[in-house]
2 protein chains.
Amino acid sequence: MNEGIFKAMSDSTRRKIIELLKEGPKTAGEIANHFSFAQPTISRHLTVLKNANLIVDQKDGNFIIYRLNTTILQEWLGWIFEHFGGGDSDEKE
Amino acid sequence: MNEGIFKAMSDSTRRKIIELLKEGPKTAGEIANHFSFAQPTISRHLTVLKNANLIVDQKDGNFIIYRLNTTILQEWLGWIFEHFGGGDSDEKE
DNA sequence: TTATAATATAGCTAAATTGCTAAATAGTAA
DNA sequence: TTACTATTTAGCAATTTAGCTATATTATAA
């Protein structure tokens with residue numbers, strides 16, 4: 001359930017895409033222009049993010065606009081904090 | 001720099017190991033007993049976590065005791081929150 | 001229609017990952 | 001020493017990943 005998100009987040013290019021989309025929605029091309037990889041490579045990264053439900057796409061004429069799925073991202077952050085945040089039993093040492 | 005941590009965290013077995021170690025230090029064998037994978041498989045997962053600096057080991061006679069590197073884990077959580085948490089520019093829509 | 005533009009999909013390769021079993025290592029105990 | 005126990009390391013196979021180029025798809029523009 002979270003597996004796809006963790007996998008998606010484990011790649012630094014995809015993390016950069018997420019950060020880009022935090023600034024606001026962007027077309028696939030705009031996103032690709034931020035990187036020096038071939039366009040299809042970025043397209044596939046976008047697909048991974050989309051399959052993880054972290055981003056959402058919307059056709060606009062010739063373009064495809066991607067935007068963050070803020071809800072999922074926040075839920076993921078919440079899950080992470082629940083599981084890994086907070087104290088551990090070794091705090092007194 | 002964070003890359004190793006994200007990769008380490010992208011595997012669910014390793015995430016479970018982290019959660020186990022949140023309860024307190026455990027020997028490699030104790031950790032392995034929580035899973036149905038072969039013991040060397042778990043040993044390698046431990047190596048991945050160790051290389052990511054998320055856990056620390058300490059010899060104790062015949063045993064090797066692993067414990068969480070709480071500091072690194074907290075730093076990672078902080079980094080994640082900085083980069084992915086907080087508002088996005090689409091909040092008003 | 002034909003051409004162009006934006007994007008995705010297909011198909012390939014190299015490298016990394018994850019599992020396994022078998023063997024090596026290191027410490028304890030007889 | 002010898003044997004036993006805990007663990008890692010080596011080496012292998014199957015799968016996944018991430019990149020590429022070439023091609024297909026879809027929409028706009030001429």
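The sequence lines fix the lettering, A, B, ..., with proteins before strands; numbering per chain opens at 1. From a predicted model like this one, the values you see are computed outputs, not experimental measurements.
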A.B. asks: Base, sugar-phosphate alone, or nothing: which one does B/Phe35 contact when heavy atoms must sit under 4.0 Å apart?
C.D. replies: nothing
A.B. asks: Quick check on C/dA6: is either OP1 or OP2 less than 4.0 Å from any side-chain nitrogen or oxygen of A/Tyr66?
C.D. replies: no
A.B. asks: Report the distance from atom CG of A/Leu46 to atom C1' of D/dA18, rounded to the nearest whole Å.
C.D. replies: 14 Å
A.B. asks: At under 4.0 Å between heavy atoms, what does A/Ala28 touch on the DNA or RNA strands: base, sugar-phosphate, or nothing?
C.D. replies: sugar-phosphate
A.B. asks: May I have the distance from A/Gln58 (atom CD) to C/dT7 (atom C1'), rounded to whole angstrom?
C.D. replies: 15 Å
A.B. asks: Would you confirm whether B/Lys22, through its side chain, and B/Thr70, through its main-chain N or O, come within 3.5 Å as a donor-acceptor pair?
C.D. replies: no
A.B. asks: Does A/Pro40 or B/Ala38 map to a spot on DNA chain C nearer the 5' end, using the closest nucleotide for each?
C.D. replies: A/Pro40
A.B. asks: For nucleotides 24-30 of chain D, list the nitrogen or oxygen atoms of the protein found under 3.5 Å from its nitrogen or oxygen atoms, one pair per line.
C.D. replies:
from: D/dT26; atom 1: O3'; to: A/Lys59; atom 2: NZ; distance (Å): 3.4

A.B. asks: Please give, in whole Å, the distance from D/dA6 C1' to B/Glu30 CD?
C.D. replies: 12 Å
A.B. asks: Heavy-atom contacts under 4.0 Å between residues 8-19 of chain B and DNA chain C, which residues?
C.D. replies: B/Asp11, B/Arg14
A.B. asks: Both B/Thr27 and B/Arg44 contact DNA chain D. Which one's nearest nucleotide lies toward the 5' end?
C.D. replies: B/Thr27
A.B. asks: What is the distance, to the nearest angstrom, from the CD1 atom on B/Ile55 to the C1' atom on D/dT8?
C.D. replies: 13 Å
A.B. asks: A/Trp79 and side-chain hydrogen bond (donor to acceptor under 3.5 Å, both in side chains): which partner among A/His83, A/Glu82, A/Glu75?
C.D. replies: A/His83
A.B. asks: Starting from P on D/dT7, measure out to NE2 on B/His45 and report it in whole angstrom.
C.D. replies: 17 Å
A.B. asks: With heavy-atom distances below 4.5 Å as the criterion, would you say the side chains of B/Met9 and B/Arg14 are in contact?
C.D. replies: no
A.B. asks: Between the axis at one end of the helix from C/dT1-D/dA30 to C/dA30-D/dT1 and the axis at the other (five pairs apiece), what's the angle to 10 degrees?
C.D. replies: 10°
A.B. asks: A/Leu49 CG to C/dA8 C1': how many Å, rounded?
C.D. replies: 15 Å
A.B. asks: Rounded to the nearest Å, what distance is computed from the CD1 atom of residue B/Ile64 to the P atom of nucleotide C/dT28?
C.D. replies: 12 Å
